[in-house]
S.K.: 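Take a look at the following structure, please.
Note that this is a predicted model, so its numbers are computed, not measured. Throughout, protein chains are lettered first and strands after them, A, B, ... in sequence-line order, and every chain is numbered starting at 1. These values consider heavy atoms only, across backbone and side chains, with no hydrogens, waters or symmetry-generated copies.
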Amino acid sequence: MENLLSQGFEIAIFGMGTVFMFLTLLILATHGMSLLVQKYEAKIPKNTADTATQKADRNLLAIISGAIAQHRSTRN
Amino acid sequence: MENLLSQGFEIAIFGMGTVFMFLTLLILATHGMSLLVQKYEAKIPKNTADTATQKADRNLLAIISGAIAQHRSTRN
Amino acid sequence: MENLLSQGFEIAIFGMGTVFMFLTLLILATHGMSLLVQKYEAKIPKNTADTATQKADRNLLAIISGAIAQHRSTRN
Amino acid sequence: MSQLVALWQSSGIFQISIPQVAMILIGLFLLYLAIARRFEPLLLIPIGFGGILSNIPGVDIAVGDGVLAQFAAMGLDTGIFPLLVFMGIGAMTDFGPLLANPRTMLLGAAAQFGIFTTLLGALSMTQIGVFDFSLAQAAAIGIIGGADGPTAIYVSSVLAPELLGAIAVSAYSYMALVPLIQPPIMRALTTHSERVIQMKLPREVSQAEKILFPLLLLILVALIVPGAAPLLGMFCFGNLMKECRVVARLSDTAQNALINIATIFLGLSVGSKLIADEFLVGATLGILALGVVAFAIGTATGVLMAKLMNLFSERKINPLIGAAGVSAVPMAARVANKVGIESDPDNFLIMHAMGPNVAGVIGSTIAAGVLIQFAG
Amino acid sequence: MSQLVALWQSSGIFQISIPQVAMILIGLFLLYLAIARRFEPLLLIPIGFGGILSNIPGVDIAVGDGVLAQFAAMGLDTGIFPLLVFMGIGAMTDFGPLLANPRTMLLGAAAQFGIFTTLLGALSMTQIGVFDFSLAQAAAIGIIGGADGPTAIYVSSVLAPELLGAIAVSAYSYMALVPLIQPPIMRALTTHSERVIQMKLPREVSQAEKILFPLLLLILVALIVPGAAPLLGMFCFGNLMKECRVVARLSDTAQNALINIATIFLGLSVGSKLIADEFLVGATLGILALGVVAFAIGTATGVLMAKLMNLFSERKINPLIGAAGVSAVPMAARVANKVGIESDPDNFLIMHAMGPNVAGVIGSTIAAGVLIQFAG
Amino acid sequence: MSQLVALWQSSGIFQISIPQVAMILIGLFLLYLAIARRFEPLLLIPIGFGGILSNIPGVDIAVGDGVLAQFAAMGLDTGIFPLLVFMGIGAMTDFGPLLANPRTMLLGAAAQFGIFTTLLGALSMTQIGVFDFSLAQAAAIGIIGGADGPTAIYVSSVLAPELLGAIAVSAYSYMALVPLIQPPIMRALTTHSERVIQMKLPREVSQAEKILFPLLLLILVALIVPGAAPLLGMFCFGNLMKECRVVARLSDTAQNALINIATIFLGLSVGSKLIADEFLVGATLGILALGVVAFAIGTATGVLMAKLMNLFSERKINPLIGAAGVSAVPMAARVANKVGIESDPDNFLIMHAMGPNVAGVIGSTIAAGVLIQFAG
Ligand code: NA
Ligand code: NA
Ligand code: NA
C-alpha cells in the first residue's frame, strides 16, 4: 500500500517532468522550424504551376465540351 | 404437426394482442404526454440564451478576425 | 528454375491472349449492344411518367403545406 | 496445351450450371424492375447486383473469403446493417402527424393481422404437406406482412437465416407493388361516401412533444416487449438525434453517409444469399405466394379497423388511410392519397395517412419482438 | 394460459430491477443535460441513449451478441473509435495561434498537474481505505483531468476498461461544466490588473509552418514518448491532411462523415458500459468527486504558470489564458475570453487562449503516453 | 533513479534503429512528393504517414494490436479496402468515350504487355540469381505495369502480401511520374505526321448504352475470366449505381464519403507494411527497377498497337492516345493530350484518350484475374 502511493509519486514526478520537457523541446523546435521557414520561404516551390495546369485542364475540358455541343447543334 | 399449428394460433393471438395492447397504451401515454407538454410548455427553458451565447461567440470571432485583418492591412 | 521461367512464358502468352480475346469480344458485344439500343431506343419506356408522379407528389405536398400554413394563419 | 485446357476449364462458360444461369437472370430481372420500373431501387439494385455476383462460377464471392460473404458475416448475420438502416430511417421519420392524431395508431396495429395470418398460412402449408416450414421459419415469412424492409431482414436473420434471400426479395418486391396490390382491396371494402370523408387538418405539434415521443416509445417497449428493443431502440435513437436539434451533424450523417453505406452493404449482403442452391427451392415459391397474401390481408384489416372506429366515434376517419397502416413508408400513404383523389379531387389524405403509416412501422417491430421472443 | 404467463414473465415490468430503473433514469438525465442544457450533446446523447438501451431487461443489447456489445468490441476495446474521433479533431484543429506564440505551450504543460494530483488523490483514497483503486485505475481516473474526451476514453480502455463508463461520463460532464468550475478559480488567483493585461495580436503564420508542425510534433513524440504515438499520431495525421491542402476530400471526410460515424458508435459503445452492475458502485462516486478536483487543479496550475512566466518576461501574458491549458477545446478558451471581458470589455482573449488550449491537448496525450507506459 | 533509467530506456531515442530512421526519412520523402510535388497525394499522404507511424520504436502501431495492424487485418488482408476504392472509382468513371469508339479498347489491351514482360523480367532476375522471386511474387510485381493502384494492391494482397508495401509505393510513384516517363517514349515511337492526326468527334452515347455496358462487361467477365469478377464486379457495380440514375444518393456516397473513408484506411494499412525489416530489402530495389520498365513497355506497346491498327483502317487513330492504354487514369490521358498539343496546338486528344484510358483499367483487371487464377 505504502508502496502503491510511492509508485504514484514517482509516476507523478516523472510524468509531469516528461510533459514539461516535451513541451519545452517542442517550443524550441517550433521556434527553430519557424525561423528556418521564414528564412527559406521564398525558395519553397509555390505549386502555382501545378494548380495552373489543373485549371488549364479544366478550362480545356470546358472548351472541348462547348465545341462538341456546338458541333452537334450545327449537325442537326 | 397438429401441435405446430396450435402453437401458431397461440402466437398469433398473443402476438396480435400484444400489438394492440402496446399501441393502445402508446395512444394513452402519448395523449398524457401531449397534455403535460401543452400545460407546462411555457415553463420549459427555450435555450434561446445558449443560442444567443453561441451566436455572440461567432459574432465575436468575426469581429476579431476583421480587426486583425484591418490591423495587418494598415501595417503593410 | 528453367521450369519457373518457362511457366512464366506460358502465363505471359495465355495472359496476353486472354486480355486480347476478352477485349475483342467486349468490342463486338458493345457494338452489338449499341446497335440494338439504337434500334429499339424509341420502344424503351422513358420513366417520365414515374418521375412526373414523384414530381406531382412533391408539388402536392408543397400545396398541402401551403394550405395548412394559410389555414393556421387565418385561424389566429 | 495443358494450360489451354486449364484456361478453358477455369472459364465461366465451362463451369456454369443451369441454376446459376437462372439466378443471374433473376438478378438481371431485379435490376430491370429497379431501374426501368423504379421498384425500390435503393435496395433492389444492390440485391440484384449482389445476386449476380454470387452466382458467378469458379470464384468465391458470396462464400468462403469472398468479399460479399465477408460483408454478410460482418453486418447481416450480426444484425448490424439492418439496425443502422433502421436508425437512419428513424432520423428521417416525422412523428408529427401521428402525435397530432394518436388514435390513428390503432390502424397501424390492425394492419399487422397480415403478419400473423401469413404465419398461420405457412404453418397450414406445412400441415397439408405442401412445404415444410418450422415455427421459426413461418414467423420469419409472416414478418413480410410487416411491409418494412429492415425489420423483415433483421427478423429473418435471427429466426431463419436460410430463408433470408427469398424473404428480402419478397418483402421489397411487394413493397414496390403496393400501388398495384392495395387499391382494388381498398375500393372493394369501402363505399363512395366513406372514401370522400374529409378529415380535419392536424394540429401543430410542439418540439417538446417530438423530443419526448421517441423516449416514451422506448420506455414503453422496454417495459412491455423487450424483444423489440434493439429494432425500436435504434429507430428511436435516430429519431431523437433528429428532433433534439442539438446534434444536427450526427443526425445529418445518420440520414446520409451512414444509412447509404449501410444500405450498399446490406443490399450486397442480401444478394450474397441469392445463391442458386439456396434460392431455387420450392420454399421460395411458397414465400412469394404467402408474401402477397400478407400484404393483402394487412391492407384489408387496416381499412376495416378504420370502419370499426367510425362506428364508435363522432370524428370520422376516412377508411382509406387504414391501408397505410401496413407500413411501406411512404408508398402506402401515397396510395391512400391517390385512391382518395379518385373519389374527390380536393381531398388530400396524405397528411392523415402518414400517422398510420409510421404507426405501422412501430406495430411491425412490436410483432417482430413477440415473434423473436416466442418463435425463436 | 401458460403462454400468458410466459408473456408476462418476458415483459420488462416483470423482469426489471431497481438498479436498472436507476440507470435508465441516469440515462434520461444525461439526455436532459445534453438537450435542455446543451452539455456536450454530441457525446452525451449517444452515451445517454446507449445507457438506457443497455439496462433494458430481458434482451441482450450491451452484452453477448447485442448490437452495442458488438460496437464496443469492434471499436472501443480496440481503441479504434476514440482514435478516429481524435483524427477528426486533428483535422479541425488550427495550430496557428500556437505557432504564433509557442511559449504559451508551457501553460498547456502546467495544466496537466491536474492529471497527476488526481492520480495521487485516487491512490490516497485507496491508502485510507475509502476505495480500492489499483495503480492502473488511478491513472485512468487521473486522465479525466486532461479534459479531453477521446484521450480519456482511449486511456481507460487500455488501463481500466471496467471504469470506462464512469470515467467517460465524468470527463464529458465536467467538460460541459467548465464555464461553472473555472471562473471562480480564475478570479481567486488573479488580480484585476493581471486580468486586464492586453496581449499583442499574434503574427501571421505561414502555410509551410502549419504543414511542418504536425510532422515535427510526431517526430518529437516518436523520439521521447512513443507511448503517446498512437493518439498523437492520429491527431497529427488529421491535422496534416487539413493543412497540406492537397487532399481536401479526405480532410473533409475526416471532419464530417467519418468523425460523425465514429462519434455515434463511440457514444453508443460507451453507453454499453453503463450497465447497472458495473456503474452503480461506490467507485463511480469516487471518480465523480476526483474528476471535479482534477479540473480545478488543472485550472489553477495553468493560471499560476502564467503568473510565473510573467516574473521572467517582458511580454506579459494575461494569466486568464492559463486556464485554457486544461484543454476542453474550445470551451475553456471561451471561458478565458468571457472572464477577461468582465474586467475589460474591449480585451478579447480568445485568440490568445486558443494556443494554450490546443497545447493542453498535446500535454494530456503526452501524459497519457507516460501513464500507459508506466502504469499499464 | 531506476525509474529515470526506465524512462530513458522507453524513449524512442534509446530504442530507435538505423533502419527505422531510414524508413521514417522515406515516409517523410513520400509526404514531400505528395505535398510539394503533388504525386498522387490521396494515397501517398496516408501511406507516407502510416509508414512513419509504423517505424516508431517501442510502441505497437503496425504490429500486434496496434491500430494500423487492425486496419490492415480488417480491410487490406481481406481485400475489402481496395475493392471499395475500386467501387468508388467505378462510380466516377464515364464509359461514354469508350462506348463511342469501342475499337480503342484494343489500345487498352496492348498496353498490358508491360504487365507480362515485367513478370518475365522478375523471373529472369531470379534465373540469373540477382533476386529470388517466386512465380506468385513475379506476378504481383508485374501488375505494377497495370498502372492501377487498387488493382495492384488487391493482387499483391492475394499473391504476395510480403511485397505489398514495395509494390504499392512503386505503383503510386510511377503513376505520379507518368508525365515524365511517357513523353520521351511517345515521341520516339511516332512521327510528326502521326502526332498531328486529328480524330473525329465522338458520337453521343445514350443513357441506355451506359446502363447496359457495366452489365455486359460483368457477364462477359463471369463467362471468361471469373478470377477478375471480384475486382471488375465492384467496379461495374459502382458504375451501374452512377449511370442508372435511380440511386443517386448511393452513387454520391460511393463517390465521396465511402471512397474517402476507404482511401484513408487503405493508405494507412499500406503504410503499416512499410516496416523497416520488410521494406529495406534488396527485393524492393528490384521492384522499383522493374516498375519503371513495366510502365515504359506498356506505353510503347500501346502506341505501337495504334500504329498497327492504322495499317488496317481508314479512320486513322492518333497513336499518342495508345499511351493512355496503360491506365493511370486520368493522368495518362492528360499526357497524351499534352504531347499532342506540342505538335498541333489545336488538336485536343483528351476526349479520345479517355477511351483507351478506361479500357486499360479493364485490361489490367483481366490480367489480374488470369494471374490470380494461374500464378496463385
Ligand atoms: Na408494418
Ligand atoms: Na489537457
Ligand atoms: Na492498365
Side-chain angles (χ1 to χ4, degrees), chain D residues 3 6-16 20-21 24-25 27-28 31-32 34-46 48-50 52-61 65-71 73-74 253 255-265 267-268 271, chain F residues 74-75 77-84 86-88 91 154 158 207-208 211-212 214-215 218-234 236-241 243-262 369-370 372-374:
Chain D
Q3 278 279 22
L7 194 72
W8 164 244
Q9 288 180 345
S10 78
S11 77
I13 309 172
F14 178 81
Q15 294 181 74
I16 205 161
Q20 285 173 327
V21 172
I24 289 176
L25 291 175
L28 290 171
L31 293 178
Y32 165 77
I35 297 172
R37 298 265 168 258
R38 309 216 171 197
F39 273 30
E40 298 281 333
L42 290 173
L43 262 294
L44 286 190
I45 282 179
F49 204 95
I52 298 172
L53 287 178
S54 304
N55 287 284
I56 295 178
V59 59
D60 282 1
I61 295 183
D65 284 339
V67 62
L68 297 195
Q70 291 189 50
F71 289 163
M74 207 184 295
T253 293
Q255 289 179 50
N256 290 290
L258 186 48
I259 193 175
N260 292 343
I261 292 171
T263 301
I264 290 172
F265 286 158
L268 291 175
Chain F
M74 206 185 294
D77 305 346
T78 63
I80 289 175
F81 294 154
L83 290 176
L84 289 179
F86 216 48
M87 179 178 85
Y154 182 81
V158 173
Q207 194 60 19
I211 293 173
L212 290 173
L215 294 170
L218 177 70
I219 300 295
L220 221 54
V221 166
L223 294 180
I224 301 178
V225 199
L231 270 170
L232 259 181
M234 293 304 278
C236 291
F237 177 54
N239 191 249
L240 181 68
M241 286 199 288
E243 297 296 358
C244 74
R245 295 193 186 172
V246 293
V247 290
R249 57 183 297 154
L250 299 188
S251 167
D252 176 61
T253 293
Q255 288 178 50
N256 291 289
L258 186 49
I259 193 175
N260 292 343
I261 292 172
V370 172
I372 288 173
Q373 282 182 324
F374 293 96

S.K.: Hey, which of D/Leu28, D/Ile45, D/Leu68, D/Ile259 has the most heavy atom pairs under 4.5 Å with chain F?
M.R.: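 Highest number of pairs under 4.5 Å: D/Ile45.
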S.K.: Of the backbone (N, CA, C, O) and the side chain (C-beta and beyond), which part of F/Leu215 lies under 4.5 Å from a heavy atom of chain D, both, or neither?
M.R.: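 It is the side chain, since no backbone atom gets that close.
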S.K.: Pick one of side chain, backbone, both or neither for D/Phe71, based on which atoms fall under 4.5 Å of a heavy atom in chain F.
M.R.: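 Contact with chain F: side chain only.
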S.K.: How far does CD of D/Gln70 sit from CE of F/Met74, to the nearest 0.5 angstrom?
M.R.: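 If I round to the nearest 0.5 Å, the distance is 12.0 Å.
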S.K.: Of all of F/Asp252, F/Leu84, F/Val247, which one pairs up most often with chain D through heavy atoms under 4.5 Å apart?
M.R.: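 Ranked by contacts with chain D, first place is F/Val247.
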S.K.: Please enumerate all residues that pass ring-ring contact (aromatic ring centres under 6.0 Å, His included) together with F/Tyr154, with sequence neighbours excluded.
M.R.: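 If we apply the ring-ring contact (aromatic ring centres under 6.0 Å, His included) test to F/Tyr154, skipping adjacent residues, there are no hits.
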S.K.: Count the heavy-atom pairs under 4.5 Å between each of F/Gly227, F/Ala257, F/Cys244, F/Ala254 and chain D, then report the option with the highest count.
M.R.: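 Ranked by heavy-atom pairs under 4.5 Å with chain D, first place is F/Cys244.
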S.K.: Any chance you could measure F/Met241, atom CE, to F/Arg249, atom CZ, to the nearest 0.5 Å?
M.R.: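 The distance works out to 13.0 Å.
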S.K.: Quick one: OG on F/Ser251 to CE on F/Met87, what's the gap to the nearest 0.5 Å?
M.R.: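 It is 9.5 Å, given to the nearest 0.5 Å.
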S.K.: Heavy-atom distance under 4.5 Å to chain F: side chain of D/Ile261, backbone, both or neither?
M.R.: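 Both backbone and side chain.
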S.K.: Report the residue from F/Leu83, F/Thr78, F/Leu231 that forms a side chain to side chain contact (heavy atoms under 4.5 Å, CB included) with D/Val67.
M.R.: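 Going through F/Leu83, F/Thr78, F/Leu231 one by one, the side chain to side chain contact (heavy atoms under 4.5 Å, CB included) with D/Val67 is satisfied by F/Leu83 alone.
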S.K.: Heavy-atom cut-off 4.5 Å, strictly under: side chain, backbone, both or neither for D/Thr263 against chain F?
M.R.: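 Just its side chain gets close to chain F.
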S.K.: Rounded at 0.5 Å granularity, tell me how far CG in F/Leu258 sits from CG in D/Leu258.
M.R.: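 One gets 11.0 Å once the value is rounded to the nearest 0.5 Å.
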S.K.: Could I get the full list of salt bridge (charged side-chain N to carboxylate O under 4.0 Å, His left out) partners for D/Asp65, not counting sequence neighbours?
M.R.: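 Scan of D/Asp65 (salt bridge (charged side-chain N to carboxylate O under 4.0 Å, His left out), adjacent residues dropped) gives none.
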S.K.: In terms of heavy-atom pairs under 4.5 Å with chain D, which of F/Leu223, F/Thr253, F/Val225 leads?
M.R.: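 Greatest number of close heavy-atom pairs with chain D: F/Leu223.
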S.K.: Chain F heavy atoms under 4.5 Å from D/Phe265: which part of the residue, side chain, backbone, both or neither?
M.R.: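 It is the side chain, since no backbone atom gets that close.
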S.K.: What part of D/Leu42 gets closer than 4.5 Å to chain F, counting heavy atoms only: side chain, backbone, both or neither?
M.R.: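 Both backbone and side chain.
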S.K.: Side chain, backbone, both or neither: which part of F/Leu250 has a non-hydrogen atom closer than 4.5 Å to chain D?
M.R.: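 Answer is both: backbone and side chain atoms of F/Leu250 are under 4.5 Å from chain D.
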S.K.: When rounded to the nearest 0.5 angstrom, what is the spacing between CG in D/Leu268 and OG in D/Ser54?
M.R.: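 Here the interatomic distance stands at 8.5 Å.
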S.K.: Would you compute the distance between atom CD1 of F/Ile211 and atom CG of D/Leu31 and round it to the nearest 0.5 angstrom?
M.R.: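 Rounded to the nearest 0.5 Å, the CD1-CG separation comes out at 10.5 Å.
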S.K.: Please classify the contact between F/Ile372 and chain D as side chain, backbone, both or neither, with a heavy-atom cut-off of under 4.5 Å.
M.R.: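 For F/Ile372, no heavy atom lies under 4.5 Å from chain D.
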S.K.: Side chain, backbone, both or neither: which part of D/Asn256 has an atom under 4.5 Å from a heavy atom of chain F?
M.R.: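 Both backbone and side chain of D/Asn256 come within 4.5 Å of chain F.
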